[in-house]
Amino acid sequence: MSDNNPERVSKREPGLLAQDVDRDNQLAENRSEAQPTESGVPEDAIAEDDVEPSDSRRNLTSAASDDDKAAVVEMRQRTRRSFIVGGAAALAAAGGWRWLRTRREADGLAWPLRLSHEFNEQLSRDYFSRSRLVPTFPGDMASEPRINGSYGLDEESFDPANWRLAIVGLASPPESVAEKPSASSEEPNTKSSTSNSSLSGRSKTKAGTDSKSDVQSARDSSDQSDETDEETDSDADGSDTTTNTEPDLALTLAEIKQLPRVEMVTQLKCIEGWSVIVRWAGARLADLIAKYPPLTKSGSDPDVMRRPDDLVGYVSLETPDSEYYVGIDMESALHPQTLLCYEMNGQPLSLKHGAPLRLVIPVKYGIKNIKRIGKITYTDKRPADYWAERGYDWYSGH
């Protein structure tokens, strides 16, 4: 039987019935108050917060607003400061560049830049060591370098059959090899001593000597200019160097190949920014210098192995037509990886790559790796250098 039976309800006591009704009403009110809204928060709670926020929330909102205002002020200050500093830096750079361009030149370059080149050179020379080798690579990594630079490589006027390597400034020129042109065959005011055709026609009249007076005379003759109207070049120190002094020696390629053969795989680095790994073969320039030593600073007999610092300080190299020329310090010339190269990647040098003989000096940039060497001069004065005269670094080490 159901509790909804009117008979039973009517039989209940009046007090109990009122209590039941009150209890049911209270339960209904509780369920209504606990019913969440779609956001999960009771409606009366949302309304109360909207109407009257708590003190803690009001304080947090006020603090956040103050922080935002402070951040905006800080950003404005930094932006203004950065703009002022950037503008001042741009004006200073423009003024500095204008000042630099108006400075007097030193060997084709504004003197502050030339001074920086000289500082870099001194620093490089202080840290230079002939025992420190450049990295070498496996042979299968080698490739052919690009044909870059054709100064002094005029193939129309060059005859490989008549090529000779002239050497100037020897301490004791060998009598059996030294040659001198006859007076009847030499035309006045020409650079015939640097051309291959004139070297092949010289008569063997210059004898070697070991006396100190003749050694000093040989040194003077290697540094003085011919008393003619022939052109002279100005070196990086402002002194004059000649390109028409009589050679003490004239070597064929076969004679150079009699020196110990050396092969190496090194990286050719161009000052333009590119590099390539190449397999070279040739003779060390140090071996040539040891066999045919230069004059010394003290005037005593040269000893390349024991007293290299007593040798004259520089080596000048130029093409047969003297169109391209470089100067290197004696320390770099004696480096064991400095080669007189006649083979590249297992093949004889091509004419465009400097045949029959070129310089490979991996401790310096490619502008020092002169192709088709025609003359080598030992000197104690800094030699002229093609690119140094055009504003580049004379030393060009890396």
Check: [Y] main-chain N/O paired with [X] side-chain donor or acceptor under 3.5 Å:
X: Asn345; Y: Arg279; result: yes
X: Arg284; Y: Leu339; result: no
X: Asp248; Y: Val168; result: no
X: Arg372; Y: Leu351; result: yes
X: Lys368; Y: Trp394; result: yes
X: Thr102; Y: Arg98; result: yes
X: Ser396; Y: Asp393; result: yes
X: His398; Y: Ile271; result: no
X: Arg390; Y: Tyr386; result: yes
X: Lys371; Y: Ser150; result: no

Give the cluster check for [X] versus [Y]: same hydrophobic cluster or not, with ILVMFWY residues linked at side-chain heavy-atom distances below 4.5 Å.
X: Trp274; Y: Met344; value: yes
X: Leu249; Y: Leu359; value: yes
X: Ile376; Y: Leu349; value: no
X: Val278; Y: Met264; value: yes
X: Val360; Y: Ile370; value: no

Over all heavy atoms of both residues, which pair between [X] and [Y] is shortest? Give the atoms and the distance, please.
X: Ala281; Y: Arg261; result: CB-NH2, 3.5 Å
X: Lys364; Y: Tyr395; result: NZ-O, 3.0 Å
X: Glu318; Y: Ser322; result: OE2-OG, 2.6 Å
X: Pro356; Y: Phe158; result: CD-CZ, 3.7 Å
X: Ala171; Y: Pro294; result: CB-O, 3.4 Å
X: Trp163; Y: Leu165; result: CH2-CB, 3.7 Å

Are the side chains of [Y] and [X] in contact, using a 4.5 Å heavy-atom criterion?
X: Ile289; Y: Tyr378; answer: yes
X: Leu259; Y: Leu288; answer: yes
X: Val276; Y: Gln267; answer: no
X: Arg130; Y: Pro308; answer: yes
X: Thr252; Y: Arg164; answer: yes
X: Thr266; Y: Pro135; answer: no
X: Pro362; Y: Leu268; answer: no
X: Cys341; Y: Leu357; answer: no

[Y] versus [X], side-chain donor and acceptor atoms under 3.5 Å:
X: Ser332; Y: Asp329; result: yes
X: Thr319; Y: Glu323; result: no
X: Glu389; Y: Tyr325; result: yes
X: Thr379; Y: Thr377; result: no

- Query: Within 45° of the six-membered ring axis of Tyr342 and under 6.0 Å from that ring's centre, is NZ or CZ of Lys257 located there?
  - Reply: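 Yes, Lys257 and Tyr342 form such a contact.
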- Message: I'd like to know whether Val265 forms a side-chain contact (heavy atoms from CB on, under 4.5 Å) with Ile277, so could you lay out the CA-CA distance, the side-chain angles of the two residues, the decisive distance to 0.1 Å, and finally the verdict.
- Response: CA-CA 7 Å; Val265 183; Ile277 298 173; 3.5 Å; yes
With rounding to the nearest 0.5 angstrom, report the [atom1] to [atom2] distance, [X] to [Y].
X: Phe128; Y: Leu123; atom1: CZ; atom2: CG; value: 14.0 Å
X: Ile373; Y: Leu340; atom1: CD1; atom2: CG; value: 5.0 Å
X: Ile328; Y: Leu285; atom1: CD1; atom2: CG; value: 6.0 Å
X: Leu311; Y: Leu295; atom1: CG; atom2: CG; value: 9.5 Å
X: Thr136; Y: Glu263; atom1: OG1; atom2: CD; value: 13.0 Å

- Message: Using the rule side-chain hydrogen bond (donor to acceptor under 3.5 Å, both in side chains), only one of Tyr392, Tyr365, Tyr324 pairs with Trp387; which is it?
- Response: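 Option passing the side-chain hydrogen bond (donor to acceptor under 3.5 Å, both in side chains) with Trp387: Tyr324.
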- Task: Check the pair Met330, Val315 against side-chain contact (heavy atoms from CB on, under 4.5 Å), reporting the backbone distance first and the verdict last.
- Result: CA-CA 6 Å; Met330 184 62 73; Val315 178; 3.7 Å; yes
- Item | NZ/NE/NH1/NH2 to OD/OE distance under 4.0 Å, Arg382 and Glu118 |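 Here Arg382 does not pair with Glu118 in a salt bridge, since their nearest N and O are not under 4.0 Å apart.
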- Query: Is there a side-chain contact (heavy atoms from CB on, under 4.5 Å) between Arg358 and Asn369 once you walk through the steps?
  - Reply: CA-CA 7 Å; Arg358 64 170 293 167; Asn369 291 246; 3.6 Å; yes
- Begin from the C-alpha positions of Gln337 and Val134 and carry the test side-chain contact (heavy atoms from CB on, under 4.5 Å) through to its verdict. CA-CA 8 Å; Gln337 291 176 311; Val134 302; 3.0 Å; yes
